[in-house]
Each structure stands twice: as structure tokens, then as C-alpha cells.
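Worksheet: one structure, shown below.
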Amino acid sequence: LLNGNISEVSIDLKKLFLHVISFRDMGKKPEAFYHGLLLGLTGSLSRNLYEINSNGEGGDGYYDIIIIPKDLSKLAVVLELKSIQNLSKIKKESTIINLLENSANQALNQIDEKDYVAAARAAGVKQVFRIGIAFAGKRFKIKSFVGSSERIIPAIHTIPTKKVSV
């Protein structure tokens with residue numbers, strides 16, 4: 001996770017979901033369960049090396065989890081989580097796969113749209129590992145990229161107006 005290797009994260013999460021976690025663990029608020037699970041896993045990182053925050057204000061909203069290294073040459077990590085609702089009503093596996101894909105993309109995009117990397121930027125971190133994860137029961141989809149902590153702002157185009165003399 002801290003080296004930008006999303007493949008290892010995915011493999012470890014799959015093992016955890018297959019061998020340890022039960023559907024019954026998720027309760028009535030699955031996103032809160034996934035959030036607590038990932039917070040618990042990241043919370044085991046050394047507090048001497050990382051600052052870990054949950055549901056904090058970042059940019060124009062509230063990120064789910066952020067990990068800021070004390071060594072500013074290392075990667076910061078921002079995690080945004082989504083949970084597919086009403087999973088029992090979805091009958092087609094292909095629908096679930098599409099929902100996971102779209103929700104993971106939405107989570108990843110939300111990190112920059114809401115500028116959740118602002119806390120890492122303010123701390124002086126130059127590179128941020130952005131991770132969007134969508135969950136549906138024991139299935140999940142992860143989207144990620146490593147990039148600058150600079151704010152990514154969509155281009156705004158203005159149309160010049162003519163002066164009208166009266």
C-alpha cells in the first residue's frame with residue numbers, strides 16, 4: 001500500500017474476504033464496516049512514521065482515510081470507499097461487476113474533484129497514491145493512480161463578450 005503497489009493490496013484483501021470475513025459482519029451499514037476494516041488495517045502502521053486520519057476535512061469535502069508520511073519524500077495515501085446498496089436485489093453478476101467498476105471510478109474521481117489531497121499537500125508531501133475502492137458483499141474493485149499532490153482543476157472555458165455601447 002505504501003509503495004504504490006495496488007496488486008498486493010488487492011491480493012491481501014481477497015484473502016481476508018475469502019478466509020476471515022463473513023457477510024454477517026457487515027451489518028446494516030456495509031460502507032461503515034468496510035471503512036472500519038480498512039482503518040483498522042492501516043491503523044497498525046507506526047505512528048512514528050505516519051499520521052493516519054479518518055473522515056477528516058480535506059479540500060472541498062471529507063475524505064474517508066488519509067495516510068500522511070512523516071518522511072515527506074514518501075507517498076501519501078488517500079482512500080475513498082463506496083458500497084453497492086441493495087445487493088440482494090441485483091440478480092445479474094454482470095450488473096454487479098458494472099456497478100463495482102463505475103463506483104470505483106467514481107470514488108477515484110471524487111478524490112480529485114473534492115481535492116482530498118489538500119491535507120497531504122499542506123503537510124508538504126509531493127506524491128499521493130489515490131485509491132478508490134467499491135465493495136459489494138465480499139467482492140470489490142480497486143482503481144488507483146500515483147500522482148502529484150498539486151490540485152487537479154478541470155478546465156473552465158469562458159466566452160469573451162463584446163462590449164455594447166449605449
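Between Asp64 atom CG and Leu39 atom CG the span is 10.0 Å, to the nearest 0.5 Å. A distance of 10.0 Å separates OG1 in Thr42 from CG in Asn53, rounded to the nearest 0.5 Å. Atoms CZ and NZ, from Arg139 and Lys14 in turn, are 12.5 Å apart once rounded to the nearest 0.5 Å. The structure places NZ of Lys114 at 10.5 Å from OH of Tyr62, a figure rounded to the nearest 0.5 Å. Here the CG-CZ distance, from Leu75 to Arg130, works out to 10.5 Å after rounding to the nearest 0.5 Å.
Smallest separation of non-hydrogen atoms from Phe135 and Leu38: CZ-CD1, 4.0 Å.
Looking at residues two or more places apart in sequence or on another chain, you find no salt bridge (Lys or Arg N to Asp or Glu O under 4.0 Å) involving Asp71. The side chain to side chain contact (heavy atoms under 4.5 Å, CB included) search around Ser83 returns Pro30, Glu31, Tyr34, Gln85, not counting sequence neighbours.
Leu72 is not listed as a side-chain neighbour of Lys126, based on a closest heavy-atom distance of 4.5 Å or more. Side-chain atoms of Arg121 and Val125, non-hydrogen and from C-beta on, never get closer than 4.5 Å to each other. The shortest side-chain heavy-atom distance between Leu79 and Ile133 falls under the 4.5 Å cut-off. Ile68 is not listed as a side-chain neighbour of Ile52, based on a closest heavy-atom distance of 4.5 Å or more. Side-chain atoms of Ile131 and Val77, non-hydrogen and from C-beta on, do get closer than 4.5 Å to each other. Residues Ser148 and Val128 have side chains not in contact (no heavy-atom distance under 4.5 Å, counting atoms from C-beta outward). A heavy-atom distance below 4.5 Å is found between the side chains of Ser54 and His35.
Residues Leu16 and Ile65 are members of one and the same hydrophobic cluster, defined by side-chain heavy-atom contacts under 4.5 angstrom among Ile, Leu, Val, Met, Phe, Trp and Tyr. Hydrophobic clustering (side-chain heavy atoms under 4.5 Å, transitive across Ile, Leu, Val, Met, Phe, Trp, Tyr) groups Phe33 together with Val20.
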Extract all donor-acceptor atom pairs below 3.5 Å that involve side chains of residues 104-111 and protein atoms in other chains or at least two apart in sequence.
from, atom 1, to, atom 2, distance (Å)
Asn105, ND2, Glu101, O, 3.3
Asn109, ND2, Asn105, O, 3.2
Gln110, OE1, Lys82, NZ, 2.6
Gln110, NE2, Glu80, OE2, 3.3
Gln110, NE2, Tyr116, OH, 2.8

